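Within every chain, numbering begins at 1; the chains are lettered A, B, ... in the order of the sequence lines, protein sequences first and strands thereafter. As the structure is a prediction and not an experimental result, all values here were calculated from the model. Just so it is clear, the values below take in all heavy atoms, side chains as well, and ignore hydrogens, waters and symmetry mates.
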Amino acid sequence: MDKNYDAAAVEERWYARWEEAGCFAADPNAEGEPYAIVIPPPNVTGRLHIGHALNNSIQDILVRWKRMQGYNAVWIPGTDHAGIATQSVVERELRKEGLDRREMGREAFVDRVWAWKEEYGSTIIRQLRKMGCSCDWERERFTMDEGLSDAVKEVFIQLYDEGLVYQGDYIINWSPGLLTALSDDEVEYEEVNGKLYHLRYPVEGGEEGEYIVVATTRPETLMGDVAVAVNPRDSRYSDLKNKKIILPVIGRELQVIEDDYVDPEFGTGIVKITPAHDPNDFDMGRRHDLTPINVMNPDATMNEGAGPYAGMDRFEARKKLMADLEAQGLVEKVEDHLHKVGHCYRSKTVIEPRLSRQWFVKMKPLAEKAMEAVDSGELKFVPERWNKVYMNWLTNIRDWCISRQLWWGHRIPIYYADSTGEVWASRETPTQSPQGATDIRQEEDVMDTWFSSWLWPFSVHGWPEESDALNKWYPSNDLVTAPDIIFFWVARMVMAGIKFRGEIPFDTVYLHGVVRDKEGNKQSKSLGNSIDPLKVIEEFSADALRFSLITLNATGQDVRIGPNDFEMGRNYSTKIWNAARFLQMQGELAEAQGMDADRLSSDDRHLLLRMHECIRDCTENLERYRFNEYSHSLYSFIWNDICDWYVEYAKGPIHSGDEALKQHTLAVAHLAFSTALRMLHPLMPFLTEELWANMGYQGEAEFLMKSAWPQPLSQDQRTAWGLSQETMNFVEAKRDLIRAARQLRSDYNLKPSQMIDYIVVPARPELQEALDMEKASIEGFIRGTLCVDSAYEPQGAAPGLLSKSGHVYMPVDGLIDVEAERERIAKQLKETEGHIQRGQGRLSNEKFISKAPPEVVEQAQEQQRTLVEKADKLRLLLKSLGA
RNA sequence: GGGCGAUUAGCUCAGUUGGUUAGAGCGCAUGCUUGACAUGCAUGAGGUCACAGGUUCGAAUCCUGUAUCGCCCACCA
């Protein structure tokens, strides 16, 4: 094995081998319980960012782990056609060439987008491979594939036939930047410092110069006013309804309506009603039978309805109008006003509520069953708190505006025959209408991108066709995503799954946090603070990227990460690589005789028991979606138990000259190490697979990724090997002795070459023999000899430390600073006395004795005895130092 | 206006159902080119667990309130 680990070469090589050997490909007819994950399909325009890296690391851990556990596991990859995003990208490209999609025509433009998709659309998919993602690429899907398009069509038509899809004139969120309608969820509200304009509307039929004052944040909609409204209980305006209000500029007569919606406390208590440009006004308009007047064009310039302002941009019109009103003395005042303004999530332009004809899905009937799924516990969120968010959204769900005025997307399968006035839905492109008309045209609008994504868990398997894959892997098991798409995607998938397959699409939704920078800002391209996962892979490795992301990210919490955090993963890889080199340098695995149960030393037993615990912890933590804890338990098992202690211990037996002992020890080491590699594989697939091959573990399984996930040791096995808590305690005590000896050396600045004759006075008589027997292994750690002597009384300069094994003395005349030593021990004594006092308080408390569980009391008593003993020894020691 | 999350070592964060002397990584200090590893080893310093009450034999952990930061939802013109 090379001295250095060449991650880049190893990662590329193994990914190719896995793919060639078909390791990722799943067969629905193969053995094993099904386990499936569908990827949250990234936008086809997307490039891998750090959030994807986290999201996909988690999915890959789950699917690799389940595969090793013997499940028939599949991870279905794919991309989303991302209507708005993709169309924008291609339009931008066209602009650079001086082209415009309107001039090209729809068909040519869509062809162009397809061409773009073929060329650039797989960027993110390539990047997922770099990360080591074990997706079944043969099953890769795209939301505009033929099959998925059929699913979309099928669903639309079914819903249309059931009356759950309808067309209507409503106020929708209009993006003037994209010239399309958006769903409510695609609007981002931002707090902005705006103005509240108080405008005077003349009153006719009253006194000369009489006016009312209305408050508005959007004066440019004034030309669309058709009424003013007051609260019926507002006594100030009870006689207003008999008067006529004159709309400034236009001179239109406005009626006065009364509506409970109006808040008398806000502004002047009078609201201008503009049904075509405000959702609340639209509702009121319907209640009072008012005809809306639209004063804007789709691009948010004013139309002819806006009179003198026609043709102006909405904000320019606002300025001009205010100046004109000011000149006419119609402005009461203008106040600063902090309020939320909706922005388009893609183009960032200010959303214009706009009255238009759109297609909607009735959501209430779908939502009810989706709520039941959580109520019954069938569907679980991790962390659980997201239940509430999900339920809250479904409870207040509104109809879903699914039509988009775009060209890139699933065109709505609705046809019109103008001569007969027919409107119908059709799976096939019709040549004539049901009544025989031939002047037919298809609806121009396409569907919201999410209208294909909500079918993803079953459309990927070819639905509406039945298939083995669909039957095997629907429903899937875990969905891994970020909380920001609970509404867009998760909830809608649940609804679609229940509606069209009769089963929820997954049983657990794991929601991970957002990746932020060290200052806590969300990482984003626009902030320029984003870490490029590919650069991390280049500089550190894919394994390091995965390790650091997972280890630093607590379940469901946001994670702050800086560029240096990936060193942790790199260092870990190096450490493991070197541990492997050490083992390999001791000879080929074939030479190892296998472990001999009769030869197990206390260190062997300790390691095996720690291995057992680690298997148990890793499995449990993965089951509970505690990926960071899974990583931490392995990290300390490998670094502390295997490297720091066992490998150091093993050097004794290895160099003892006893070949059988050496082989036995190596066998124990290999067992622990190979088990660790298995458990680490889902997190760091490349390094572990490389070592699996280098170490010659392939006899068990050609690919580590296809080997079995380890099982905790059975009780029988543990008994047979003598793995008990007593062994653990003894080894801990022994190591504490070693730590004490090392600390003494360190405190007195001894050179490594300085050999010392340590003396230990055993804490308990039975330790005398046990420690004596382990002298050799202890001496391997402490650079000196050890004498176990319960009769020893320190004389002269013999600093000592108390360990769990007993008092460790390091007699060194003339080498130490007695005063400093005295101080140190006095400090220790004081601490100990403090603990004793606290323990005393507890133990002398009647209620503690009577109410606390017996084992806790016993534990406290035991601890107290130890502390008292420790204090006594410290006093003795102090005395020996001449205090 | 509602809801949620966070507040623990200099920094980034763990801490399962309350139970020994609250942990990790990074950083810091000291000493080590020891035959796997300086991307390392050893040792150490560093915390009244945001604040105030409460429940309990016992609270970082449970309850109430307060403060600060962040996120989500909601039609206040």
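When distances are taken from the side chain of A:N280 to each of B:C75, B:G3, B:U16, the shortest belongs to B:C75. Distance from the side chain of A:K751 is smallest to B:G31 among B:A42, B:G5, B:G31. Closest to the side chain of A:R626, out of B:G15, B:U12, B:C4, is B:G15. Distance from the side chain of A:D747 is smallest to B:U43 among B:C76, B:G3, B:U43. Ranking B:A42, B:C37, B:C76 by closeness to the A:R581 side chain, first place goes to B:C37. Of the listed nucleotides (B:U43, B:C4, B:A6), B:U43 has the atom at the smallest distance from the side chain of A:Q743. Nearest nucleotide to the A:R783 side chain, out of B:U34, B:G15, B:G3: B:U34. Set against B:A77, B:U43, B:A36, the side chain of A:R739 has B:U43 as its closest nucleotide. Distance from the side chain of A:C643 is smallest for B:A36 among the nucleotides B:G3, B:C37, B:A36. Side-chain proximity of A:K388 to B:A36, B:G3, B:A77: nearest is B:G3.
Using a 4.0 Å heavy-atom criterion, one finds that A:R745 contacts no nucleic acid atom at all. The residue A:Y5 sits apart from the nucleic acid: no heavy atom pair falls under 4.0 Å. Using a 4.0 Å heavy-atom distance criterion, A:H198 is classed as making no nucleic acid contact. Using a 4.0 Å heavy-atom cutoff across all strands shown, A:R218 reaches no nucleic acid atom at all. Within 4.0 Å (heavy atoms only), A:K3 reaches sugar-phosphate atoms of the nucleic acid but no base atom. Here A:V559 lies out of heavy-atom contact (under 4.0 Å) with every strand. Among the protein residues, A:K340 comes within range of the nucleic acid bases, having at least one heavy atom under 4.0 Å from a base atom. Across all strands, A:A554 comes closer than 4.0 Å only to sugar-phosphate atoms, never to a base (heavy-atom distances). As judged by a 4.0 angstrom heavy-atom cut-off over every strand, A:V389 is placed among residues making no nucleic acid contact. Heavy atoms of A:D644 sit under 4.0 angstrom from primed sugar atoms or phosphate atoms, though from no base atom.
Using P as the reference atom, B:U55 and B:C13 are 34 Å apart when rounded to the nearest Å. Across B:A22 and B:A60, the matching C1' atoms stand 8 Å from one another, rounded to whole Å.
Here the rule is side chain to side chain contact (heavy atoms under 4.5 Å, CB included) with A:F566, and of A:L545, A:I537, A:N571 only A:L545 fits it.
Side-chain atoms of A:E629 and base atoms of B:A24 include no donor and acceptor less than 3.5 Å apart. For A:K575 against B:C37, a side-chain N or O and a base N or O form a donor-acceptor pair under 3.5 Å.
Pair assignment for B:A36 gives none, since no Watson-Crick or G-U wobble pairing has each distance under 3.5 Å. Partner assigned to B:A9 is none, using Watson-Crick or G-U wobble distances below 3.5 angstrom. Remark: B:A50 base-pairs with B:U66; criterion is Watson-Crick or G-U wobble with both hydrogen-bond distances under 3.5 Å. Base pairing analysis places B:A29 opposite B:U43; the two distances defining the Watson-Crick or G-U wobble pair are each below 3.5 Å. Look at B:U61: it lacks any Watson-Crick or wobble partner with both distances under 3.5 angstrom. Base pairing of B:C75 is not made with any nucleotide, judged by Watson-Crick or G-U wobble geometry with both donor-acceptor distances under 3.5 Å.
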Under 3.5 Å, which N/O atoms of the protein pair with N/O atoms of nucleotides 55-59 of chain B?
from	atom 1	to	atom 2	distance (Å)
B:C57	OP1	A:K851	NZ	2.2
B:C57	O2'	A:N845	ND2	2.9

Pick out the pairs of N or O atoms, protein on one side and nucleotides 26-30 of chain B on the other, that lie under 3.5 Å.
none

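Regarding A:W386, its CH2 atom lies at a distance of 11 Å from the C1' atom of B:C73, rounded to whole Å. The interatomic distance linking A:E220 (CD) with B:A77 (P) rounds to 14 Å, in whole Å. Taking atom CG of residue A:N396 and atom P of nucleotide B:G3, one finds them 14 Å apart after rounding to whole Å. Between the CD atom of A:Q586 and the P atom of B:G35 there is a distance of 14 Å, rounded to whole Å. Atom P of nucleotide B:A36 and atom CD of A:E648 are separated by 8 Å, given to the nearest angstrom.
Judged by the 6.0 Å distance and 45° axis criteria, A:R610 is not positioned over the aromatic ring of A:W639. In this structure, A:K388 is not positioned above the aromatic face of A:F381 in the sense of NZ or CZ being under 6.0 Å from the six-membered ring centre and within 45° of the axis.
A salt bridge links A:R200 with A:E332: the distance from a Lys NZ or Arg NE/NH1/NH2 to an Asp or Glu carboxylate oxygen falls below 4.0 Å. A:D260 and A:R233 are joined by a salt bridge, as a carboxylate oxygen and a charged side-chain nitrogen come within less than 4.0 angstrom of each other.
Across all their heavy atoms, A:A741 and A:I782 have their closest contact at CB-CG2, 3.7 Å.
A parallel orientation is assigned to the rings of A:W393 and A:F487, their planes being inclined by less than 30° (bins at 30° and 60°).
Using a 3.5 Å distance cut-off with no hydrogens or angles, the side chains of A:K272 and A:T274 do pair a donor with an acceptor. Using modelled atom types and a 3.5 Å distance limit, the side chains of A:Q557 and A:N553 yield no donor-acceptor pair.
Side-chain contact between A:F547 and A:L683 is present, with at least one heavy-atom pair separated by less than 4.5 Å.
Nearest-nucleotide positions on RNA chain B place A:F487 closer to the 5' end than the other of A:F487 and A:T217. Of the residues near RNA chain B, A:P752 and A:R570, the one whose nearest nucleotide (by heavy atom distance) lies more toward the 5' end is A:P752.
No more than 12 heavy atoms of other residues, nucleotides or ligands shown are found within 6.0 angstrom of CD on A:E539. Heavy atoms from other residues, nucleotides or ligands lying under 6.0 Å from CD of A:E623 number more than 12.
Evaluation of the ring-ring contact (aromatic ring centres under 6.0 Å, His included) rule for A:H337 yields A:H339 as partners, not counting sequence neighbours.
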